Amino acid sequence: HGPDSVTEDRLPQSPRAKNVIGYAIEEFRRLKHDHIGVEHLLWGLIREDEGVAAQVLMNQGLTLKAVHEALAGVAKPVRSSVAGRLAADIQDLPTELQQAAADLDAEIRRLTTEKEQAVGERNFEAAAALRDRADELKRRKKSIVRDWIDNRPVEARWLSENDAAVPTLARRINDDHRWQDLPLLADALEAAGCTDRALIDHCRQHAEHSKQCWVVDVILAH
């Protein structure tokens, strides 16, 4: 409950309600999401652990850790679009990711073939199990790219040096598909102190790009 008096143009908020909104905004900013929504408010409600809402949620088995892990996997920034790629569009990704995704693709095709055979034999229980296994591998295929991007080391100074030249140029390249400007991004990275040869060399090797560039995605994901 908040104050008893209510004005016509503004509903009062109790201190705990204000804390919930504050926690939601903090988590939204920490995760660099592109919007703030009910999922962030859920985090705020359960983090304000002395509130009635948190007690109800925790009595139902929900934990702060579970909400945190769920939040980390949703609503990634739109600009970090590489995280949602399917393995069918991985020509531009590093070799180790291409191989991992290709191996998963082969297993998914095998499971799909077996599922279709099970359907043809009217063994629907086996077909459902094979479908579920294939779906799990599809999710893993997406996650290996997302995890690789999230864990790729990018130093904060690369992004801040020279009036944030690196992220500014990366965003322009990404938005306008100006892949011909990737060598300029390599120059900007070096000028900012980057010594990661994989990033720099990729920008200078004139690789064919149509929709994405993993170097740009790595920069914009941080």
Side-chain angles (χ1 to χ4, degrees), residues 22-37 39-40 43 68-104 139-222:
Y23 290 144
I25 292 172
E26 286 179 12
E27 190 68 359
F28 150 74
R29 289 174 175 166
R30 188 187 69 79
L31 292 172
K32 300 180 181 178
H33 285 171
D34 61 344
H35 75 283
I36 185 165
E39 60 270 29
H40 304 93
W43 164 265
H68 183 271
E69 290 176 349
L71 265 176
V74 301
K76 298 295 285 184
V78 171
R79 62 179 179 270
S80 182
S81 53
V82 70
R85 280 197 215 171
L86 296 177
D89 186 28
I90 61 170
Q91 294 88 345
D92 174 58
L93 293 177
T95 303
E96 64 268 27
L97 284 186
Q98 291 189 39
Q99 185 58 55
D103 291 344
L104 287 171
R139 289 191 289 271
R140 190 187 307 173
K141 184 173 62 175
K142 291 183 179 180
S143 70
I144 61 173
V145 177
R146 181 179 62 244
D147 293 346
W148 186 89
I149 291 293
D150 289 345
N151 294 316
R152 182 80 188 184
V154 172
E155 295 184 21
R157 64 190 178 96
W158 303 350
L159 306 179
S160 60
E161 285 290 317
N162 303 318
D163 295 324
V166 167
T168 300
L169 182 55
R171 190 169 295 108
R172 185 186 313 142
I173 291 171
N174 183 72
D175 292 347
D176 299 336
H177 289 185
R178 293 185 59 84
W179 313 121
Q180 68 273 20
D181 289 346
L182 284 171
L184 299 178
L185 182 58
D187 294 341
L189 282 165
E190 286 191 320
C194 175
T195 57
D196 188 330
R197 296 312 312 176
L199 296 177
I200 294 169
D201 292 345
H202 181 81
C203 290
R204 289 191 172 138
Q205 69 182 13
H206 303 292
E208 289 294 328
H209 297 81
S210 58
K211 298 179 181 178
Q212 312 281 162
C213 172
W214 69 264
V215 173
V216 170
D217 287 325
V218 163
I219 293 169
L220 295 182
H222 289 80

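The first residue in the sequence is number 1, and the count goes up from there. As the structure is a prediction and not an experimental result, all values here were calculated from the model.
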Atom pair CG/NE2 of Leu182 and His202 - distance to nearest 0.5 Å
6.5 Å

Test item: Ile144 and Leu104 side chains (from C-beta on) under 4.5 Å apart, heavy atoms
yes

Under the side-chain contact (heavy atoms from CB on, under 4.5 Å) test, residues paired with Ala165 that sit two or more places apart:
Asn162

Taking all non-hydrogen atoms of both residues into account, name the closest pair between Ile200 and Cys194 and its distance.
CD1-O, 3.5 Å

Can you see which heavy atom on Trp43 is nearest to which on Tyr23, and at what distance?
CD1-O, 3.7 Å

Sequence neighbours left out, what passes salt bridge (Lys or Arg N to Asp or Glu O under 4.0 Å) with Glu190? Give chain and number order.
Arg197, Arg204

Nearest 0.5 Å please: distance from the CG atom of Leu169 over to the CG atom of Asn174.
11.0 Å

Which atoms form the tightest heavy-atom contact between Asp196 and Trp158, and what is the distance?
CB-CH2, 4.1 Å

For atom CZ of Arg178, decide whether the heavy atoms of other residues, nucleotides or ligands shown that lie under 6.0 angstrom number more than 12.
no

In Å, rounded to the nearest 0.5 Å, how long is the span from CD of Glu155 to CG of Leu189?
11.0 Å

Residues at least two apart in sequence or cross-chain that pass side chain to side chain donor-acceptor pair (under 3.5 Å) with Glu161, listed by chain then number, are none

Minimal non-hydrogen separation, Leu199 against Val215, with atom names
O-CG2, 3.8 Å

Closest non-hydrogen atom pair, Pro167 against Leu220
O-CD2, 3.9 Å

In terms of the angle between their ring planes, are His40 and Phe28 parallel, tilted or perpendicular, with boundaries placed at 30° and 60°?
perpendicular

Side chain proximity check, Ile219 to Val154, heavy atoms < 4.5 angstrom
no

With heavy-atom distances below 4.5 Å as the criterion, would you say the side chains of Ile173 and Cys213 are in contact?
no

